[in-house]
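Letters go in sequence order (proteins before strands), and every chain restarts at 1.
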There are 2 protein chains.
Amino acid sequence: MKSLLRYDRTVTYHHGDLRRTLLAETASAIAEDGVAKLSMRALAKRAGVSNAAPTYHFGDKSGLLTALATEGYDRLAEAMSGVDESGGLIDRGVAYVEFALACPSHFTVMFQPRLLHDDDGELTASRQRAWAALSVGVATTRSGPDSDFGVAAWSLVHGYATLVLSGAVEPEDALRQARIVAGHLVEGADRSR
Amino acid sequence: MKSLLRYDRTVTYHHGDLRRTLLAETASAIAEDGVAKLSMRALAKRAGVSNAAPTYHFGDKSGLLTALATEGYDRLAEAMSGVDESGGLIDRGVAYVEFALACPSHFTVMFQPRLLHDDDGELTASRQRAWAALSVGVATTRSGPDSDFGVAAWSLVHGYATLVLSGAVEPEDALRQARIVAGHLVEGADRSR
DNA sequence: CAAGTATCTTGTCAATGAAAAGTTTGCTCC
DNA sequence: GGAGCAAACTTTTCATTGACAAGATACTTG
């Protein structure tokens with residue numbers, strides 16, 4: 001009897017997969033109402049556990065968001081690595097925007113250090129991996145004494161994603177537009193090289 | 001006796017300029033600790049008034065931030081209008097970044113609609129004026145069926161400002177770099193025209 | 001100067017984040 | 001197989017917060 005129930009997560013005292021569940025619920029809660037209205041207690045209720053359960057796993061609210069940001073950096077690194085390196089800068093830029101629109105909660109939190117334990121070990125490690133994956137395409141196609149072009153490319157896609165997510169730019173077909181937008185930069189830089 | 005005290009703001013019951021003071025204190029409080037840690041009560045203490053004083057002027061926390069965002073849009077419009085129209089797109093882009101770095105709290109709040117009463121009348125009016133002031137330079141230099149280039153230019157400067165403010169890009173000399181970064185886009189677009 | 005209104009205060013309430021202390025479960029080691 | 005132990009979760013508590021209601025004070029207008 002007991003052995004049968006052991007793996008029934010709805011009945012057992014131990015949830016078994018709570019950390020993952022809480023991260024997922026956090027992401028969707030933020031996507032719905034924004035980070036400001038995120039409540040640890042509401043989150044706990046949503047996951048069907050008690051008040052203090054999230055605190056156990058993440059220490060505090062900042063810890064929860066730190067974990068979410070870390071997951072975000074991991075996913076971003078993965079997304080950037082998934083693009084064929086020969087695909088060119090534009091494809092990589094589109095992948096960046098694609099990630100931001102697919103994981104808006106992660107993306108938002110990743111760039112608000114004040115919400116996080118910014119010196120957390122796993123966070124900085126994941127962030128560094130993501131930065132590395134990001135700069136691959138830029139560094140190989142045009143190396144130079146300064147990385148101003150890299151900053152420009154990053155600014156462009158990051159700004160576009162941010163503006164779309166904030167509602168300032170209406171995304172008729174965001175990815176198509178992202179491609180065109182990125183094209184302006186790369187095309188110009190190629191000619192001026 | 002009473003008539004002497006009438007204009008002493010530290011003593012009089014009525015502050016006289018509280019709304020403005022609260023907005024300023026809000027901006028500096030956010031600049032120090034971020035929006036998340038902004039407390040109405042702490043703000044009131046900071047301004048030397050009671051708990052409910054801010055609520056009286058702004059209704060609620062969102063109202064306070066809405067007023068701050070409105071002020072931000074006004075300042076942005078002013079900043080963009082201040083640039084000589086013949087100065088070119090790059091100067092206008094630099095002005096945008098300059099505004100963002102000079103008023104980080106305003107800038108942050110302006111692009112987080114969830115923190116605001118997004119349908120507020122004054123807010124939308126100021127926002128529309130700012131948008132108009134923003135698009136002047138773009139529309140006049142290159143008009144076309146679509147405004148993709150305008151979106152690209154905006155994305156570039158907005159992204160750069162955001163990345164610098166979030167600490168993702170270290171600003172050695174942010175405005176110099178902004179100029180170079182913007183140059184990549186405009187220069188390229190000019191040649192490809 | 002009297003009435004009325006704008007501005008600010010005091011007091012209260014439910015919700016929240018965080019921590020302390022207790023309870024249950026699963027694992028390990030003999 | 002069971003005793004001990006650590007991990008996972010709960011219950012309780014406390015200070016802080018945003019929001020509201022009701023009261024106090026100052027200004028203003030007729």
Next item on the list: Round to the nearest Å and state the distance from R19(A) atom CZ to dA7(D) atom P.
Entry: 15 Å

Margin query: So that I know where these two stand, are W131(A) and Y73(A) an aromatic pair - ring centroids less than 6.0 Å apart?
Written below: yes

Check: Does D33(B) come within less than 4.0 Å of R114(A), counting only side-chain N to carboxylate O?
Finding: no

Check: Which nucleotide, dG17(C), dT9(C), dA19(D), lies nearest any side-chain atom of S50(B)?
Finding: dT9(C)

Next item on the list: Select from A42(A) and A52(A) the residue whose nearest nucleotide in DNA chain C is closer to the 5' end of that strand.
Entry: A42(A)

Checklist line | Charged N-O contact under 4.0 Å between R127(B) and D118(B) | finding: yes

Next item on the list: Give a yes or no on this: more than 12 heavy atoms of other residues, nucleotides or ligands lie within 6.0 Å of atom CD of E32(A).
Entry: yes

Next item on the list: Would you indicate what S39(B) reaches in the nucleic acid, counting non-hydrogen atoms under 4.0 angstrom: base, sugar-phosphate, or nothing?
Entry: sugar-phosphate

Notebook entry, point to check: Roughly, in whole Å, what's the span from CG in L43(A) to C1' in dA15(C)?
Noted result: 15 Å

Notebook entry, point to check: Within the pair H57(B) and dA6(C), is there a side-chain N or O less than 4.0 Å away from OP1 or OP2?
Noted result: no

Notebook entry, point to check: Whole Å only: how far is the CE atom of M40(A) from the P atom of dA19(C)?
Noted result: 10 Å

Checklist line | Parallel, tilted or perpendicular, as decided by the 30° and 60° cut-offs, for the rings of F107(B) and H158(B) | finding: tilted

Notebook entry, point to check: Given dC9(D), dA18(C), dT9(C), which nucleotide is nearest the side-chain atoms of A53(A)?
Noted result: dC9(D)

Check: Atom CG of L38(A) and atom P of dA18(C): how far apart are they, to the nearest Å?
Finding: 11 Å

Note to self: How many whole angstroms separate atom OH of Y56(A) from atom P of dT24(C)?
What the structure shows: 17 Å

Margin query: Could you tell me how far apart R41(B) (CZ) and dG17(C) (P) are, to the nearest whole angstrom?
Written below: 16 Å

Checklist line | Of the listed nucleotides dT11(D), dC9(D), dG18(D), the one nearest the side chain of N51(A) | finding: dT11(D)

Check: In whole angstroms, how far is the P atom of dT16(C) from the CG atom of L64(A)?
Finding: 15 Å

Note to self: I need the CG-P distance between D17(A) and dA7(D), as an integer number of Å.
What the structure shows: 18 Å

